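Not measured: the values here are computed from a predicted model.
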Amino acid sequence: MRDSCRLNQPDVKGPLDEATGQYTPVAGPLKYAGACKVQLRVSATGSDPVAGDRAFTVLRYELHLSMSAPAAVIDDVVTITAAASDPELVGRRFRVAALVHKTDLTARRLIVEEVQS
């Protein structure tokens with residue numbers, strides 16, 4: 001794994017932004033910081049849902065962490081802090097959507113979706 005990331009518990013409500021009237025989210029407590037790998041999860045069944053009269057494609061990603069990383073839970077947030085091959089990944093945030101379990105895992109695998117803010 002050549003990239004690095006932070007795994008945090010879900011964001012918490014931060015200070016009120018007087019200009020917008022919205023609370024600024026703050027990262028939850030840190031669970032892990034270290035090596036990771038992001039890859040597009042290819043599905044044989046794909047997903048092209050429709051909302052109103054707009055069709056859109058849902059892309060799911062798989063994030064790999066070291067087996068020494070603590071267990072993640074749904075809604076934890078991953079932030080990419082360094083990327084060896086794709087500088088566009090740095091700073092991107094992903095929400096844990098599902099956990100992958102199987103015999104003989106070589107890495108903790110998480111199904112994640114990008115956080116759009």
Side-chain angles (χ1 to χ4, degrees):
M1 291 182 240
R2 301 180 319 150
D3 299 339
S4 297
C5 66
R6 288 189 321 265
L7 173 68
N8 292 78
Q9 291 178 7
D11 291 347
V12 295
K13 185 166 58 171
L16 177 66
D17 181 336
E18 298 289 337
T20 65
Q22 302 291 319
Y23 288 94
T24 304
V26 174
L30 181 68
K31 295 175 79 171
Y32 169 81
C36 68
K37 177 174 88 171
V38 178
Q39 64 186 57
L40 186 60
R41 184 171 173 86
V42 178
S43 170
T45 57
S47 178
D48 291 315
V50 175
D53 58 354
R54 283 186 78 175
F56 57 96
T57 301
V58 175
L59 296 177
R60 287 281 175 118
Y61 295 88
E62 190 171 276
L63 184 102
H64 297 194
L65 300 175
S66 166
M67 285 301 291
S68 64
V73 297
I74 306 295
D75 290 332
D76 278 353
V77 177
V78 176
T79 304
I80 306 302
T81 57
S85 299
D86 183 2
E88 292 290 317
L89 274 175
V90 176
R92 291 192 184 268
R93 300 176 75 229
F94 299 90
R95 183 188 74 82
V96 176
L99 308 173
V100 176
H101 300 285
K102 69 177 191 171
T103 303
D104 298 325
L105 273 177
T106 57
R108 293 199 187 277
R109 289 178 171 85
L110 311 173
I111 307 303
V112 296
E113 52 194 28
E114 190 164 5
V115 175
Q116 302 291 325
S117 50

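With values rounded to the nearest 0.5 angstrom, L63 atom CG is found 9.0 Å from M1 atom CE. Rounding to the nearest 0.5 Å places CG of D76 at 3.5 Å from NZ of K31. Annotation: the span from R95 atom CZ to E113 atom CD amounts to 4.0 Å, rounded to 0.5 Å. Rounding to the nearest 0.5 angstrom, the gap separating the CD atom in Q9 from the CG atom in L30 is 9.5 Å. Note that OG1 of T79 is 9.0 Å distant from CG of L7, once rounded to the nearest 0.5 Å.
Counted by atom type alone, S85 and R2 present one or more donor-acceptor pairs between their side chains at under 3.5 Å.
What you find for I80 and C36 is that their closest heavy atoms are CD1-SG, 4.1 Å. Minimum interatomic distance between A107 and M67 (heavy atoms only, all atoms of both residues): C-SD, 3.4 Å.
Judged by distance alone, the side chain of N8 and the main-chain N or O of G28 form a donor-acceptor pair under 3.5 Å. With hydrogens and angles disregarded, a donor-acceptor distance shorter than 3.5 Å links the side chain of R108 to the backbone of A69. In this structure, T81 contributes its side chain and S4 its backbone to a donor-acceptor pair below 3.5 Å. Side chain of D3 to backbone of A84: a donor-acceptor contact under 3.5 angstrom is found.
Linking Ile, Leu, Val, Met, Phe, Trp and Tyr residues whenever their side-chain heavy atoms come within less than 4.5 Å leaves L105 and L99 in two separate clusters. Cluster membership for V112 and L89, using ILVMFWY side-chain heavy atoms within less than 4.5 angstrom, is shared. Clustering ILVMFWY residues whenever any of their side-chain heavy atoms sit less than 4.5 angstrom apart, transitively, puts V78 in the very cluster that holds L40.
Within the 4.5 Å cutoff, the side chain of R109 has heavy atoms near those of the T106 side chain. Contact annotation: the side chain of V77 never approaches that of V96 to less than 4.5 Å [non-hydrogen atoms, C-beta and beyond]. The side-chain heavy atoms of R92 and V38, taken from C-beta on, include no pair separated by under 4.5 Å. D11 places a side-chain heavy atom less than 4.5 Å from the side chain of R93.
Shown here are the ring-ring contact (aromatic ring centres under 6.0 Å, His included) partners of Y32, two or more places apart in sequence or in another chain: there are none.
Contacts classified as ring-ring contact (aromatic ring centres under 6.0 Å, His included) and involving residues 77-96 (residues at least two apart or in different chains) are given here: Y61-F94.
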